[in-house]
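For the numbers below, each heavy atom of this structure counts, side chains included, while hydrogens, waters and symmetry mates do not. Below, chain A is the first sequence line, B the second, and so on; all start at residue 1.
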Amino acid sequence: MAMVYSEKVKDHFINPRNVGEIENADGVGEVGNASCGDIMKVYLQIEDGVIADVKFKTFGCASAIATSSMATELIKGRAVEEALTLTNKAVAEALDGLPPVKMHCSVLAEEAVKTAIKDYYDRAGIAYDPALFADLERGGHAHDHGDLVEE
Amino acid sequence: MRAYLDNAATTRLSDAAREAMLPYFDGIYGNPSSLHDEGQRAGAALQNARERIAAAIHADPGEIYFTSGGTESNNMAICSAANCSAARRPAPAPERRKRHIISSAIEHHAVLHPLEALQKEGFEITLLPVEPETGLVKPADLEAALREDTALVTIMTANNEVGTIQPIAALGELCRARGVVFHSDAVQAVGHIPVDVRAMNVDMLSLSAHKFHGPKGVGALYCRRGAPLCPLLLGGAQERSRRAGTENIPGIMGMAAALEESAAELAEVSLRLTGFRDEMIDQFLRLPRTHLNGDRLQRLPGNASLCFEGLEGEALLLLLDAKGIAASSGSACTSGSLEPSHVLLALGRPHEVAHGSLRLSLSRYTTREEIDLALEAVPQTVEYLRSISPVWDRLRRG
């Protein structure tokens, strides 16, 4: 392999947590682009402002699956407002780091969570500051794959 | 148990090749350029290896130039045709130099990157398209692309990713009729299918030892007598002044032994691997939305390359690795670039399909047990990754 994954990335890739769908989810967010090789879809079940359950489905490489898994672990059981503070760096750090070319996967995971929360706010008619989701409005995730590595 | 099914990347050294190398590390370790007995014994070994390698591809010993491997051989062939066609005596005037090179869209980077470098120096490069799905180059396309100022045509004998075997003899005939130098990168072919440089109408042909159970770091360029050959490396009179540097005698001896052994077993091995290959291809094609990459018949005996829609190849590769299978993929995530394999794209695969590719490549050491493991693990893993893929959900719903 041209890159080395941490043990945590391998663990979350081979045994991903929270895989699946939630029927009648309160919020759903899908980000990414199949032609770029990664799409993440996050389902939220909210009870009393808390993320009672979260599931994901991901089309993508090992780190896309691992970051989806870790992001869902980090927000499960948290207040929705707290989940909104999730950053891609936090996801990457919780996985003991990602190779530079894979950092965009953590960006995608953060955006998938935020898109699902925005969907929840929209459906529930909860008012919010649009600035919270300004980054998502650019359409598609920032496709920064970092430094390229030649094999 | 591990199943090593990535033999197109590299192969294990054969026992015969290792045995052939051992005397030349600390026994017969002289420099072939030296006049003393130690040097002359090494020189005799070198000549012996040259004759055996030449015989295996139906060349003359004087037409074999030892190199560090396929990449160097390809670079040497391309640069020679580009420079020497202009340096022939009498040297043509600068404005009459041939500045056009033809190749194909599915060549290895060891061909495409030197061509890109030449393009920056002012060469015009025509990359022939290949047939969708099969990856075959059409001789008619080559005929139409040949020009008065074409200095070189370089088309690979067999593709490393999808296994397609090109109609080299027909392509070579067109080049010969027009007096254009024809090179073929046969790195994936030598030792796996019959390679006869005369029958193939090639002027130059690259081969690499570690693709046929020889050691890494050694290869050869066949260059037909009379075809232009310029050195890339200067600094000595080795290889008739075409390739400076003390010869890698242990490596060359290993390559000769490995090639002879592969050639001797080729017919039997080819039959067995074709059976394994087709069994895997047939089994995997039973999965929905699964595509064979490359031609079904004009195909290396040991290559099974497929695209599975709705999943990404690196994830497939790493899950298979965890289950004991070493394979390869042309997904962007395994290439270290943003783009999936240029070969799969040239075959007409859309980006999202090309991301889901898997290549299993066999060798004569491949066992029934390894194939059985792949037959079981690949469909299982494909189905699992599809079960967690939102793209697959959409494809399934149509």
Worksheet, complete the sentence: Heaviest contributor of heavy-atom pairs below 4.5 Å to chain A, chosen from B:Ala315, B:Pro390, B:Ser387, B:Ala354, is B:Pro390
Worksheet item: Salt-bridged, A:Lys114 to A:Glu111, with N to O below 4.0 Å?
Response: no
Practice prompt. Using a strict 4.0 Å threshold on nitrogen-to-oxygen distance, state whether A:Arg17 and A:Asp11 make a salt bridge.
Written response: yes
Practice prompt. Against chain A, label B:Asp321 side chain, backbone, both or neither, depending on which of its atoms sit under 4.5 Å from a heavy atom there.
Written response: neither
Item to complete: Inspect the contact between A:Glu21 and A:Lys57 and indicate whether a charged nitrogen and a carboxylate oxygen are less than 4.0 angstrom apart.
Response: yes
Worksheet item: chain A: which of B:Ala322, B:Gly310, B:Pro350 shares the most heavy-atom pairs with it under 4.5 Å?
Response: B:Gly310
Discussion item. Using the salt bridge (Lys or Arg N to Asp or Glu O under 4.0 Å) definition, which of the options B:Arg349, B:Arg394, B:Arg386, B:Arg289 pairs with B:Glu309?
Written reply: B:Arg289
Worksheet item: Which atoms of A:Ile65 come close to chain B, meaning under 4.5 Å heavy atom to heavy atom: side chain ones, backbone ones, both, or neither?
Response: side chain
